Amino acid sequence: MNLKKEKKPREKAHIIKNTLFMLGCAFKSAPLSLFIIYFSYITENVYYSVVINVMFLETALSVIEGNGTFAEFVIRICIIIFGKLFVDLLGYIDVYTIRVKFEIKCESYINSLIFKKAQEVELGCYENPEFFDDYNRATWVVDRGGFKRIIEGSAWTLGSLISLIFLVIYLMSIDPILIVFILCPVVVVIFRVLKNNLELEKEKEMTPYERQKDYVRRTILLKDFAKEIKTTNIFVVMEKRFKQAISKNIDVIKKYGWKIAILEIISDYFAEIVPIGGGFIYGCYRLIVLENLPVSEFSVLVSAITTCRNKIGHLARYFAMQQKHCLWVQNLRNFLEYEPQIKSGTVIPEDFESIEFKNVSFRYTEDMDYIIKNVSFKIQKGQTVAVVGHNGAGKTTLSKLLMRLYDVTEGEILYNGRNIKEYDLLKYREKFAAVFQDYKVFAMTVSENVLTEEVTDENKEIAVNALKMSGAYEKIGRLPEKENSLLTKEFDKEGVLLSGGETQKVTIARLFARDFSVAVLDEPSSALDPVAESRMYDALMEGTKGKTVIYISHRLSSATHSDKILVFNKGKLTEQGTHEELIAKNGEYAEMFTLQASGYTQDEEVSDIEE
C-alpha cells in the first residue's frame, strides 16, 4: 500500500499459520459450529474409509471363507448400519443448519475486520491503484468462498489423516512392504505445490486486468455515468479497454498454461499409476507365486490400497488448494496488518481557540510537485474565513490537511498551539463539520443521510430542523415519506432521485445536525443558483453564530462578509486580509472580484431583458 511504485517481493503463505488464523476467526464468531463441522468431517472420513472399505469387506469375506459365526456377522452389520444412520444424520444437521449459519457469522466477522481497516487507512490509499489490488485480494477470502474452503478443507484433511493412519496400520499388519506403495503418492505434494505457485503468480498478474474489467462492468450500470455514455462515444473507448484487459489475461494464461499442464501430468502419474500398479502387482505376486496371502486379505488389501491412494491424492490436491486459499488469507492478513501512515495521538483536544498553519508544504508523493508551498496563517475562534483562488490553487488540499486526511510534508498545523498530530485522531476530527466539494448521498433515508448515524426517537427532530435550515425541507417535506424517504433507486424502485442542488442542500444539512467547533465548507454552493446560494449563506450565517467557519470557494460572494480572506494562487498564499483591505490593495483578489462582479451584472441585465 506504499504510494511509491516499487516491485513487491513474491508473497508467501504459510499454510499452518494462515489456517490457524482462519480457525481463530471461526472460533471467535461461531465456536460450537466449528466443533460440529470438524466432528462431522472426521466421523464421515473414518466411517467410509475404514469401516465400509475395510471392516465391512473383511466381515463379508470372512463369512464366505467360513471364519466367524453368522451372529458375529449380524452384529458387525448392525454396527455398520447404525453408524451409517449416525453419520448421515450428523451430515444433514451440519449441511442444512450448522454450516449455513456458520458461513454467515464467519463472513460477517471477516467483513467487519476488512471494513474497520478500510476506515482506518489514510485517504491517499484510495488514490493508489496498488491499494485497490490489495483490497480486492483481501476480499477474495469472502467473495470467492476462500474462508469456507479453508475451514472445510482443514476439517476434511484432519479426517483424512486420521482415517489414513488407521489404513496404514492395517496394511502394515498384512505386509510392511506395502508402505512403499502407499507413501509414493506423497511425491505428488511437491508437484502440486509447484503447480499451485504458478497458478498464484498467474492470478496475481491477472488482478489489474480483472479490476479494469470490473470497472467497465460497474460504470456502464451506474446512473452517474449514464448520460455521458449515451450521448458521447466514450463507450467505444471503454469497450476497447475491456477487450484489452481480456487480451492481457489471455497472454498471462498462455504464459503459465503449459507449465501448469506438465506439472499436472507428472503429479497424476505418481498419484495414480505407481500406487495402484505397484501395490496390485505385489499383492498378486504373494497371492499367485508365493501363495502366502489369502484371497480375503488380498481383496481387503486391494480395497485399502485404493482407498489410501485416493486419500493421499486428495490430500495432495487439498494441500495445493489450501496453499492457494492461504495466499488469499495472507493477502487478508497483510491488509489487516497494514499500519496507517496517519497515526492517532493520545491528547484529547480541548475547546477550540485557534488553528495555525506554520510554513506548511504538501505534495502527494516525492516525485510530484508541491500542491501547497510554505503557507502560514492563523484563524481565531469565532472568525469567518474565506479561502479563495482559481481552480487548482490548492484550496481543497488545505481542507484535507486541516482535518488530517493527509499529513503535511513540511511544516506543522497547530490546534490551540499544539501540533495536531499529538491529538486523538477521531476526537480531533469531531471538532470539525465538513461539507466537501465532491459531496455524496448514500442509498439510505434522508434522515440517515443527514445524521450520518442511526435514526432514533431522540435525534429524528434534529434531522428535520437541519433540513429546514439548509433549505432542503421545502422539497423533502413534499415527499410521501418526507424525511424517511429512501434516496437513490439502488435498492428500491420507489427511491427518490434529487437534483444536484437539492442533493447539495441535504449534504449541507449534515452541518446543522452536528455539534461542532469549526465548519469547513468546500464549494458549498457549487450546484446552487444565485438565489438559493444567497439563502444558503444566510442560513449558514444564522446556524453558525459563535462558531468558526472556513469557506473554500472560487466564488467570491462568500468573501465579502468574512473576517479574513486567504487568497491562493498555484499553492501559495499570495494575499490575506478583509474584503475592504484587499480591494484597496488592488491586487489579485481585487482583479478576481471585479471580473466576477461584472459577470453577475451581465447576467442580471440579460435576465431583465428576457423578462
Side-chain angles (χ1 to χ4, degrees), residues 1-4 116-117 119-128 338-366 368-387 389 393-436 511 514-522 544 546-552 562-568 571-574 576:
M1 276 174 239
N2 191 341
L3 294 179
K4 292 177 66 177
K116 182 180 179 182
K117 179 57 65 172
Q119 273 190 311
E120 292 176 357
V121 299
E122 59 271 13
L123 188 63
C125 288
Y126 291 92
E127 298 167 352
N128 178 20
Y338 171 73
E339 288 292 331
Q341 300 303 304
I342 297 180
K343 299 184 182 298
S344 176
T346 58
V347 179
I348 303 300
E350 59 278 8
D351 292 340
F352 175 77
E353 294 296 335
S354 67
I355 195 85
E356 183 178 4
F357 278 56
K358 292 185 67 175
N359 304 317
V360 169
S361 298
F362 174 77
R363 55 183 176 182
Y364 288 100
T365 60
E366 293 181 0
M368 293 179 65
D369 294 332
Y370 282 96
I371 307 298
I372 289 179
K373 184 64 177 176
N374 198 28
V375 169
S376 298
F377 62 86
K378 189 172 185 177
I379 300 173
Q380 298 288 354
K381 179 180 179 179
Q383 283 188 322
T384 298
V385 179
V387 181
K395 305 186 301 296
T396 296
T397 301
L398 192 78
S399 67
K400 294 176 181 178
L401 293 174
L402 180 62
M403 300 190 67
R404 278 205 80 194
L405 297 176
Y406 292 95
D407 272 337
V408 300
T409 306
E410 299 169 12
E412 59 181 348
I413 302 175
L414 306 178
Y415 177 95
N416 292 355
R418 186 192 292 264
N419 194 310
I420 61 174
K421 294 181 180 179
E422 299 179 30
Y423 290 108
D424 178 277
L425 187 58
L426 294 180
K427 295 295 183 182
Y428 171 77
R429 287 176 179 166
E430 286 177 359
K431 295 294 182 181
F432 297 85
V435 177
F436 294 107
L511 179 75
R514 289 191 59 180
D515 181 19
F516 60 91
S517 299
V518 183
V520 181
L521 307 172
D522 187 0
T544 58
K547 306 285 187 180
T548 305
V549 183
I550 302 173
Y551 291 106
I552 298 174
S562 298
D563 300 312
K564 181 183 290 188
I565 300 170
L566 305 176
V567 183
F568 278 79
K572 295 182 178 180
L573 178 59
T574 54
Q576 60 178 307

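Any value given below was found using the heavy atoms of this structure, including those in side chains, with hydrogens, waters and symmetry copies removed. It should be emphasised that the depicted structure is a prediction, and the values quoted were computed from it without experimental measurement.
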Less than 4.5 Å apart, side chain to side chain, heavy atoms only: is that true for Asn416 and Ser354? yes
Could you check whether any side-chain heavy atom of Ile550 comes within less than 4.5 Å of a side-chain heavy atom of Leu402, counting everything from C-beta outward? yes
Flag for Ser376-Asn359: side-chain donor and acceptor within less than 3.5 Å: yes
Is it the case that over 12 heavy atoms from other parts of the model lie below 6.0 angstrom from the NZ atom of Lys343? yes
When rounded to the nearest 0.5 angstrom, what is the spacing between CD1 in Ile355 and CD in Gln383? 12.5 Å
With a 4.5 Å cut-off on side-chain heavy atoms, are Val375 and Phe362 touching? no
Within the 4.5 Å heavy-atom criterion, are Lys373 and Glu410 side-chain neighbours or not? yes
Close side-chain approach of Lys431 and Tyr423, heavy atoms under 4.5 Å: no
OG1/Thr574 to CD/Gln576 distance, rounded to the nearest 0.5 angstrom? 9.5 Å
Closest non-hydrogen atom pair between Ala519 and Leu511, with its separation: CB-CD1, 3.6 Å
Distance, nearest 0.5 Å, that separates CD1 of Ile420 from CD of Glu422: 10.5 Å
Nearest heavy-atom approach of Glu412 to Asn419 is OE1-ND2, 3.2 Å
Any side-chain heavy-atom pair from Phe377 and Leu398 closer than 4.5 angstrom? yes
Spatial distance of atom CD (Glu356) from atom CD (Gln380) [nearest 0.5 Å]: 8.5 Å
Examine distances only and state if a side-chain atom of Arg404 and a backbone atom of Ser344 form a donor-acceptor pair shorter than 3.5 Å. no
Closest heavy-atom contact between Ile413 and Leu401? CD1-O, 3.6 Å
Identify the residue among Val387, Thr384, Val520 that makes a side-chain contact (heavy atoms from CB on, under 4.5 Å) with Tyr551. Thr384
Are Val385 and Ser562 close enough that some pair of their side-chain heavy atoms sits under 4.5 Å apart? no
To the nearest 0.5 angstrom, please state how far the CG atom of Asp563 sits from the CD1 atom of Ile379. 10.5 Å
Output, in order, the C-alpha distance, side-chain angles, deciding distance and verdict of side-chain contact (heavy atoms from CB on, under 4.5 Å) for Thr397 and Tyr364. CA-CA 10 Å; Thr397 301; Tyr364 288 100; 3.5 Å; yes
If you define the side chain from C-beta out and look only at heavy atoms, does anything of Ile342 sit under 4.5 Å from Lys421? no
When rounded to the nearest 0.5 angstrom, what distance separates CZ in Arg429 from CG in Asp424? 10.5 Å
Which atom pair, heavy atoms only, marks the closest approach of Lys381 to Phe352? CD-O, 3.3 Å
Test your reading of the model: is there a side-chain donor-acceptor pair from Lys395 to the backbone of Phe568, 3.5 Å cut-off? no
